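Remember, predicted model here, so these are calculated numbers, not experimental data. Positions are given from 1, in the same order as the sequence printed here.
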Amino acid sequence: MHPDVKEKYEHVRKAIGRLPEKYRAVIRLRDIDGFSFEEMKEITGMEIPNLRVILSRARQKVKEEVKKIYDYEDKKQFA
């Protein structure tokens, strides 16, 4: 694995780890373990529309966290 990819993966992993438990569980079930929404419904007891909203919010939070890290690193390089 390329060092830049490995570094980004590590940032994403840490951002997921900082999510609230419900968000962390849903993003792991879907994006890491690859479960379908039907399977996730059975596992969590949550309705599919609710799972979709939680997943969307979790992904957005991870994206924002990683963007903050890279924006900070970009600013640091030019300082």
E64/K61 ion pair, N-O < 4.0 Å
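Between K61 and E64 there is no salt bridge, as every charged N stays at least 4.0 Å from the carboxylate O atoms.
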Sequence neighbours excluded, which residues qualify as salt bridge (charged side-chain N to carboxylate O under 4.0 Å, His left out) partners of R13?
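Listed in chain order: E10.
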Taking salt bridge (charged side-chain N to carboxylate O under 4.0 Å, His left out) as the definition, give me every residue that meets it alongside D31, ordered by chain and number, with sequence neighbours left out.
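Partners of D31 under the salt bridge (charged side-chain N to carboxylate O under 4.0 Å, His left out) test: R59.
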Euclidean distance, [Y] [atom2] relative to [X] [atom1], rounded to 0.5 Å:
X   : Y   : atom1 : atom2 : answer
K67 : Q60 : NZ    : CD    : 11.0 Å
R24 : I32 : CZ    : CD1   : 10.5 Å
L51 : S56 : CG    : OG    : 12.5 Å
R28 : L19 : CZ    : CG    : 8.5 Å

Flag this pair as yes if the NZ/CZ of K8 is under 6.0 angstrom from the six-membered ring centre of Y70 and inside a 45 degree cone about the axis; otherwise no.
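Yes, K8 sits over the ring of Y70.
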Identify every side-chain donor-acceptor pair in residues 40-50 under 3.5 Å, counting partners at least two apart or on other chains, and give the distances.
unit_1: T44; atom_1: OG1; unit_2: M40; atom_2: O; d: 2.8
unit_1: T44; atom_1: OG1; unit_2: M46; atom_2: N; d: 3.1

Contact check, side chains of I16 and Y23, non-hydrogen atoms, under 4.5 Å:
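No, every pair of side-chain atoms sits at 4.5 Å or beyond.
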For V62 and A15, work out which heavy atoms get closest and say how close.
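Taking V62 first and A15 second, the nearest heavy atoms are CG1-CB, 4.1 Å.
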For the side chain of R30 and the backbone of F35, is there at least one donor-acceptor N/O pair under 3.5 Å apart?
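Present.
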